[in-house]
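To start, the structure under review is shown below, and the notes come after it.
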Amino acid sequence: MRAAVEECQGRISAIYQEYREVVFPLVAFLEVVDSEFPVEILNEIRSIFSHFARVYDDASDDAGVSSELSKAERHLKRAILDCYKYGCLSLSDFYHAFQKEYRFADLSVIDNGDFLSQITQNFADGQKLLFEAKKSERQNKHSDELYKKFESAFGKLLENYNLINKRIGIVHRVERKAKWTRFWGTFGFWISLALAVVGIALAL
C-alpha cells in the first residue's frame, strides 16, 4: 500500500514539474506574443486537475487512482503538444507580419547580409520541420516522436523570433532610411515633372 501511495505521489509530482518547466513557460510566451490564452490548452489543464480531484475522491482504489493519473498524464502531453502547435502558428504569423512591415527596407545591409540570409533560412527550416510534424500527426497522434518533431519546429521558429528581436533596432534604422529614400525619390520625381511642365508651357 505504501509503495502504491509513493508511486502515486511521484507521478503527481512529475506532472506538476512538467507543467512548471514546460507548459507554463510556453503558455506565458503565447500570452506575450498573441495577448491571449488558447482555450484548447486551458481545457487540457482543467482536465488534468479534474483527474487529480478524482484521485483524491477515491484514494483507496489503487487501480482507479492509476487510471486517473494515466488520463492526467495524457492530457498533459496534449497540452504540451498544443503549446508547440500554437507556438509554431504564432511564430509563423510573427515572421509574416515582420516581412510585411519591413518589405521596403533593405535588410541585406544588416550584418553584411547574414541577418537576412539567416532569418530566411531559419523560417524555411522551421516550415519544413512543421510540415514533417504534421505528416507524422496523421499517422500517430500521441507518439513521443511526434512531440519531438513539433518541439523541433517550434525551436527553429523561436530561434528566428529571437534573432529578429535582437536586431530590431537596426531594422528600424534601415527602414527609416528606406522611407526617406522613397520620399526624396518621389519628391524629386514631382519636382522634375513640374519643371518639365513649366518648361513646355514657356516654350509654347
Side-chain angles (χ1 to χ4, degrees), residues 16-42 44-45 76-186:
Y16 274 121
Q17 181 176 357
E18 197 158 13
Y19 172 79
R20 287 195 308 270
E21 295 178 358
V22 182
V23 177
F24 180 77
L26 287 171
V27 167
F29 175 79
L30 290 173
E31 287 184 304
V32 168
V33 175
D34 296 335
S35 300
E36 62 181 8
F37 194 121
V39 66
E40 289 84 358
I41 300 173
L42 180 61
E44 296 296 346
I45 294 172
L76 177 64
K77 278 194 169 185
R78 285 197 288 270
I80 294 171
L81 185 59
D82 283 343
C83 282
Y84 286 136
K85 285 182 181 179
Y86 276 99
C88 287
L89 179 61
S90 297
L91 291 171
S92 294
D93 288 345
F94 167 82
Y95 180 73
H96 290 309
F98 171 80
Q99 282 186 310
K100 183 177 180 181
E101 183 173 357
Y102 298 102
R103 61 190 179 279
F104 297 117
D106 182 9
L107 301 182
S108 65
V109 302
I110 301 174
D111 296 338
N112 297 316
D114 288 344
F115 172 75
L116 181 59
S117 175
Q118 189 63 61
I119 63 172
T120 302
Q121 189 62 57
N122 281 348
F123 184 73
D125 291 345
Q127 291 296 292
K128 182 179 179 181
L129 289 168
L130 183 57
F131 177 69
E132 292 298 323
K134 289 185 175 180
K135 281 202 306 183
S136 296
E137 188 176 20
R138 295 191 189 99
Q139 300 165 2
N140 192 335
K141 291 187 176 181
H142 302 297
S143 69
D144 289 337
E145 182 184 1
L146 177 64
Y147 295 101
K148 290 178 182 177
K149 286 187 175 183
F150 272 104
E151 181 182 9
S152 296
F154 175 79
K156 181 55 68 173
L157 293 171
L158 181 62
E159 184 180 332
N160 225 29
Y161 173 86
N162 290 332
L163 179 57
I164 288 171
N165 281 305
K166 185 177 180 181
R167 291 287 186 270
I168 199 65
I170 300 173
V171 171
H172 277 306
R173 289 199 295 273
V174 171
E175 199 262 347
R176 277 201 307 271
K177 182 178 179 180
K179 280 184 177 179
W180 278 109
T181 300
R182 291 199 307 275
F183 169 79
W184 287 114
T186 303

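For reference, positions follow the sequence shown, starting with 1.
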Worksheet item: Between Lys77 and Ile80, is a side chain to side chain contact (heavy atoms under 4.5 Å, CB included) present by the stated rule, with each step listed?
Response: CA-CA 5 Å; Lys77 278 194 169 185; Ile80 294 171; 5.6 Å; no
About how many Å separate [atom2] of [Y] and [atom1] of [X], when rounded to the nearest 0.5 Å?
| X | Y | atom1 | atom2 | result |
| --- | --- | --- | --- | --- |
| Ser136 | Lys148 | OG | NZ | 12.5 Å |
| Ile119 | Asp114 | CD1 | CG | 11.5 Å |
| Glu137 | Phe150 | CD | CZ | 4.5 Å |
| Lys156 | Asn122 | NZ | CG | 5.0 Å |
| Phe24 | Ile45 | CZ | CD1 | 10.0 Å |
| Glu151 | Leu158 | CD | CG | 11.0 Å |

Taking the side chain as everything from C-beta on, heavy atoms only, tell me whether [X] gets closer than 4.5 Å to [Y].
| X | Y | result |
| --- | --- | --- |
| Phe154 | Leu26 | yes |
| Leu81 | Tyr86 | no |
| Ile41 | Glu44 | no |
| Val23 | Glu18 | no |

Discussion item. Ring centres under 6.0 Å, that's the criterion: do Phe98 and Tyr102 meet it?
Written reply: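 Ring centres of Tyr102 and Phe98 closer than 6.0 Å.
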Worksheet item: Does the ring center of Tyr161 lie less than 6.0 Å from the ring center of Phe29?
Response: yes
Practice prompt. Please report the C-alpha distance between Ser92 and Gln127 in whole Å, then the side-chain angles of each, then the deciding distance to 0.1 Å, and finally whether the side-chain hydrogen bond (donor to acceptor under 3.5 Å, both in side chains) criterion is met.
Written response: CA-CA 8 Å; Ser92 294; Gln127 291 296 292; 3.0 Å; yes
Which pair of non-hydrogen atoms, one from [X] and one from [Y], has the smallest distance, and what is that distance?
| X | Y | result |
| --- | --- | --- |
| Leu163 | Phe115 | O-CE1, 3.9 Å |
| Gln118 | Glu159 | NE2-OE2, 4.4 Å |
| Ala153 | Gly126 | CB-O, 4.0 Å |
| Leu30 | Cys83 | CD1-O, 4.1 Å |
| Leu116 | Thr120 | O-OG1, 2.7 Å |

Worksheet item: Could you walk me through whether Asn165 and Phe94 pass the side chain to side chain contact (heavy atoms under 4.5 Å, CB included) check?
Response: CA-CA 11 Å; Asn165 281 305; Phe94 167 82; 4.1 Å; yes
Worksheet entry | Mutual orientation of the aromatic rings belonging to Phe123 and Tyr95 [parallel < 30°, tilted 30-60°, perpendicular > 60°] | parallel
Any side-chain to backbone donor/acceptor pair from [X] onto [Y]? Under 3.5 Å, distance only.
| X | Y | value |
| --- | --- | --- |
| Arg167 | Ile164 | no |
| Ser117 | Gly113 | no |
| Asp106 | Ser108 | yes |

Discussion item. For a salt bridge (Lys or Arg N to Asp or Glu O under 4.0 Å) check, start with the C-alpha distance between Glu132 and Lys128, then their side-chain angles and the critical distance, and finish with the verdict.
Written reply: CA-CA 6 Å; Glu132 292 298 323; Lys128 182 179 179 181; over 6 Å; no
Worksheet item: Of Ser90, Ser152, Cys88, which is the lone residue that meets side chain to side chain contact (heavy atoms under 4.5 Å, CB included) with Leu157?
Response: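 Only match with Leu157 under side chain to side chain contact (heavy atoms under 4.5 Å, CB included): Cys88.
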Fill in: Partners passing side chain to side chain contact (heavy atoms under 4.5 Å, CB included) against Phe131 (at least two apart in sequence or in another chain)
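If we apply the side chain to side chain contact (heavy atoms under 4.5 Å, CB included) test to Phe131, skipping adjacent residues, the hits are Lys135.
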